[in-house]
2 protein chains.
Amino acid sequence: MTGEVEKQFSEGALGARRKVYLGLMADLEQGRIVPGQRLVETDLAIQFGVGRNAVREAMQQLAGRGVVELTPNRSSMVRKLDLAETLEVLDVADVMTGLLARYAARHMPGAVQAPELAIAMTGLEDAHNSHDVIAFSRARRHFYRALLAIAQNRELQRLFPAIGMHIIYSQHQTRKLREVRLSDYRAIFEAVNAGYAEAAEAAARDHVANVRSIIMESF
Amino acid sequence: MTGEVEKQFSEGALGARRKVYLGLMADLEQGRIVPGQRLVETDLAIQFGVGRNAVREAMQQLAGRGVVELTPNRSSMVRKLDLAETLEVLDVADVMTGLLARYAARHMPGAVQAPELAIAMTGLEDAHNSHDVIAFSRARRHFYRALLAIAQNRELQRLFPAIGMHIIYSQHQTRKLREVRLSDYRAIFEAVNAGYAEAAEAAARDHVANVRSIIMESF
DNA sequence: GGTACATTATTGTAGAACAATCAAGGCAGC
DNA sequence: GCTGCCTTGATTGTTCTACAATAATGTACC
């Protein structure tokens, strides 16, 4: 509700590394850091109130997730994608999102997480109507989280968030990459909800294709 | 040629973190560590002659690659997959390997890395004939590396090795998961070499399906 | 104005130190 | 003998200091 830094949970019960990791992820989602930006270890250590070790461990984690790029003896950078690499990311996202939707639909009948998906869908609509870009990003994250929970595939849960979509969203937040998408999400939602695996996969891949074409126009 | 620890390059010019990372990956491939094994930070630090910091950074990297599992306040473990999670990994491997083969085939015409793939294929046959399980693992890694180089997709290059196949291979090294595979690899090789994208994808996915059924028998 | 050199900023690495947590063994009580 | 608590040891989590190595920047000299 407030403009505050979204302290994930009740208190600072988080470990130091996790604090940095979550902090930077939130910073990216909310535009406080941008692709291409240089991240200096000591600055981050001071900013998050942790030791430099913890920062370095978090950077390894973030690099694995495709959020930052590490080059020896150089400051790490928030990953920045040119058009070519953006399309490469989308090629991977295509098959992975398709897999996600297919499995979510398959496991939907009787899934205990079904309500969460419906809530996430509503949140997506609310955020869309509010024209709040950041709220929409968060809602989208919740939506995918619900899909992943339903899909019941631990390897997919591990790897899907490692796809460079975070960066793509961050680089194109300001663009009009939002109109087309709500209907996309609804199509995915309904196919998954109905348990239509083939339709869900198709909707998911259509969505990625839509994102791709919008990006190609506006790049 | 020798049974030595495969010092990747000429000398110890590697950084400390990388030394631990590559060392543990080699240890896994060569069976010196096995899924389920506990890894103690201080031991590794002594073993590789580096500081504990470097070990912890390497563990973050390895966790991102799906090689170890980190649980707070507990020693990290080499990831171990039960049958269910093995199948989940294979579901992801299915679409990702298919994507890899399709793109490799698409970019094959005129690819400068074409010879490397042929060499890798030969190495695979040699290793198979020699009945050396470890040599076969290395050859298989070279084969996929060549495919990734040809496929020209940086996101795939980043994510594909993060799929938990390392662990699957490690857990089933001793089984007869080897007879069927050489012909699989040859099928992929020939489709890719000919530039037949559809056939390459099909061959790759058939291969994963074969691995799956062999594992399901012998589990 | 450009090249060589000095300076600064930053990362890479090791190590000490201590708190926090978990696992295991031992001891007491029933 | 069994159960449950408690002590103890092993290990991780974390910060700090220190210094070497490297890259980026600025400066003086020609």
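Proteins come first, then strands; the chains are lettered A, B, ... in the order of their sequence lines, and each starts at number 1.
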**Start and end of chain B contact along DNA chain C [non-hydrogen atoms, under 4.0 Å]** =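 First-to-last contact on DNA chain C, by the 4.0 Å heavy-atom rule, is dT13(C) to dA23(C).
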**Asked** Taking atom CD of E29(B) and atom CZ of R141(B), what is their separation to the nearest 0.5 Å?
**Response**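 Taking CD in E29(B) and CZ in R141(B), the distance rounds to 4.0 Å.
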**Request:** Look up atom CG in L28(B) and atom CD in Q37(B), then write down how far apart they are to the nearest 0.5 Å.
**Result:**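 If we round to the nearest 0.5 Å, L28(B):CG and Q37(B):CD are 9.5 Å apart.
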**Prompt:** Which pairs count as ring-ring contact (aromatic ring centres under 6.0 Å, His included) when at least one residue sits in residues 145-165 of chain A, sequence neighbours excluded?
**Reply:**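 Residue pairs passing ring-ring contact (aromatic ring centres under 6.0 Å, His included), neighbours aside: Y144(A)-F160(A).
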**Contact residues, residues 61-70 of chain A to DNA chain C [heavy atom, < 4.0 Å]** =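 By residue number: none to list.
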**Item:** Option from I163(B), L81(B), I168(B) for which side-chain contact (heavy atoms from CB on, under 4.5 Å) with L90(B) holds
**Value:**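 That would be I168(B).
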Under 3.5 Å, sequence neighbours excluded: what are the donor-acceptor pairs made by side chains of residues 93-106 of chain B?
residue, atom, partner, partner atom, Å
D94(B), OD1, R205(B), NE, 3.2
D94(B), OD2, R205(B), NE, 3.4
D94(B), OD2, R205(B), NH2, 2.8
T97(B), OG1, A93(B), O, 2.6
R102(B), NE, E201(B), OE1, 2.4
Y103(B), OH, D91(A), OD1, 3.1
Y103(B), OH, D91(A), OD2, 3.0

**Asked** Between H107(B) and I150(B), what is the shortest heavy-atom contact and its length?
**Response**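 Where H107(B) meets I150(B) most closely, the heavy atoms are CB-O, 3.3 Å.
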**Request:** State, to 0.1 Å, how close G164(A) and R158(B) come at their nearest heavy-atom pair, and which atoms those are.
**Result:**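 The answer is N-NH2, 4.1 Å.
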**Request:** Treat primed atoms plus P, OP1 and OP2 as sugar-phosphate and everything else as base, then score nucleotides 13-18 of chain D 5' to 3': B for base contact with protein heavy atoms under 4.0 Å, S for sugar-phosphate contact only, - for none.
**Result:** BBBB-B
**Asked** Expressed in angstrom and rounded to an integer, what is the separation of L44(B) atom CG from dA10(D) atom P?
**Response**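 Atom-to-atom, L44(B) to dA10(D), this comes out as 18 Å.
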**Presence of salt bridge, R56(A) and E41(A), under 4.0 angstrom** =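 A salt bridge links E41(A) with R56(A).
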**Message:** Parallel, tilted or perpendicular, judged at 30° and 60°: which one describes the rings of F136(A) and Y185(A)?
**Reply:**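 Aromatic pair F136(A)/Y185(A) classed tilted.
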Below 3.5 Å, can you tabulate the donor-acceptor pairs from side chains in residues 64-78 of chain B to any protein atom, sequence neighbours excluded?
residue, atom, partner, partner atom, Å
R65(B), NH1, Y21(B), OH, 3.2
S75(B), OG, R38(B), NH1, 2.8

